[in-house]
Amino acid sequence: MGVETKITVTKDLKIRLGQRVKFFRKKRSLSQEQLAEMINMETKSLSRIESGHNYPMYENLVLISSALEIEPWQLYFTDETKNLDVMKDEIISALEKDETKIPAVYQYLATLK
């Protein structure tokens, strides 16, 4: 992977993360000011995260997800447009295509108990 690709992936990830923060914030009917106050962050800093200009520090990522009542991973991977049956079918299909991923998925699921 070249430097140009890494920069694009990083920029896209920041934008996606910001979109997800904004999505979940609005889903909870919170303003930027309200969420920023809940996590002791300046509104301008939260705005820069939501616009994809900044990554939150790890501690702030945890605070944001906690305030939004979600898990941190949901800021990266959740697709709210799919129903659970579709997600389950996609997971099963992916594992059937590549069984080497089963131990990693199992290990991850075991940590959720």
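- Scanning for side chain to side chain contact (heavy atoms under 4.5 Å, CB included) contacts around I70 gives F24, S65, L68, Q74, L75, with sequence neighbours left out.
- Using a 4.5 Å cut-off between side-chain heavy atoms of Ile, Leu, Val, Met, Phe, Trp and Tyr, with links allowed through other members, L13 and L46 fall into the same hydrophobic cluster.
- With hydrophobic clusters built from ILVMFWY side chains whose heavy atoms lie under 4.5 angstrom apart, L109 shares a cluster with I102.
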Kindly list each side-chain donor-acceptor pair under 3.5 angstrom involving residues 28-36, sequence neighbours excluded, with atom names and distances?
| residue | atom | partner | partner atom | Å |
| --- | --- | --- | --- | --- |
| R28 | NH1 | A67 | O | 2.3 |
| S31 | OG | E33 | N | 3.4 |
| S31 | OG | E33 | OE1 | 3.4 |
| S31 | OG | Q34 | N | 3.0 |
| S31 | OG | Q34 | OE1 | 3.4 |
| Q32 | NE2 | E50 | OE1 | 2.8 |
| Q34 | OE1 | S31 | N | 2.7 |

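- Grouped with V62 in one hydrophobic cluster are Y58, the linkage being side-chain heavy-atom contacts under 4.5 Å among Ile, Leu, Val, Met, Phe, Trp and Tyr residues.
- Every residue two or more places apart in sequence or in another chain was checked for a side chain to side chain donor-acceptor pair (under 3.5 Å) with Q19, and none qualifies.
- The cluster map of Ile, Leu, Val, Met, Phe, Trp and Tyr, joined by side-chain heavy atoms under 4.5 Å apart, puts V21 and M57 in different clusters.
- I15 and L17 are assigned to two separate hydrophobic clusters, defined by single-linkage of ILVMFWY side chains at heavy-atom distances under 4.5 Å.
- In terms of the side chain to side chain contact (heavy atoms under 4.5 Å, CB included) criterion, residue partners of D98 (sequence neighbours excluded) are, by chain and number, T100, K101.
- For N54, the side chain to side chain contact (heavy atoms under 4.5 Å, CB included) partners at least two apart in sequence or on another chain are R48, I49.
- Linking Ile, Leu, Val, Met, Phe, Trp and Tyr whenever their side-chain heavy atoms come within less than 4.5 Å leaves L95 and I92 in two separate clusters.
- At least one side-chain heavy atom of Y76 sits under 4.5 Å from a side-chain heavy atom of L61.
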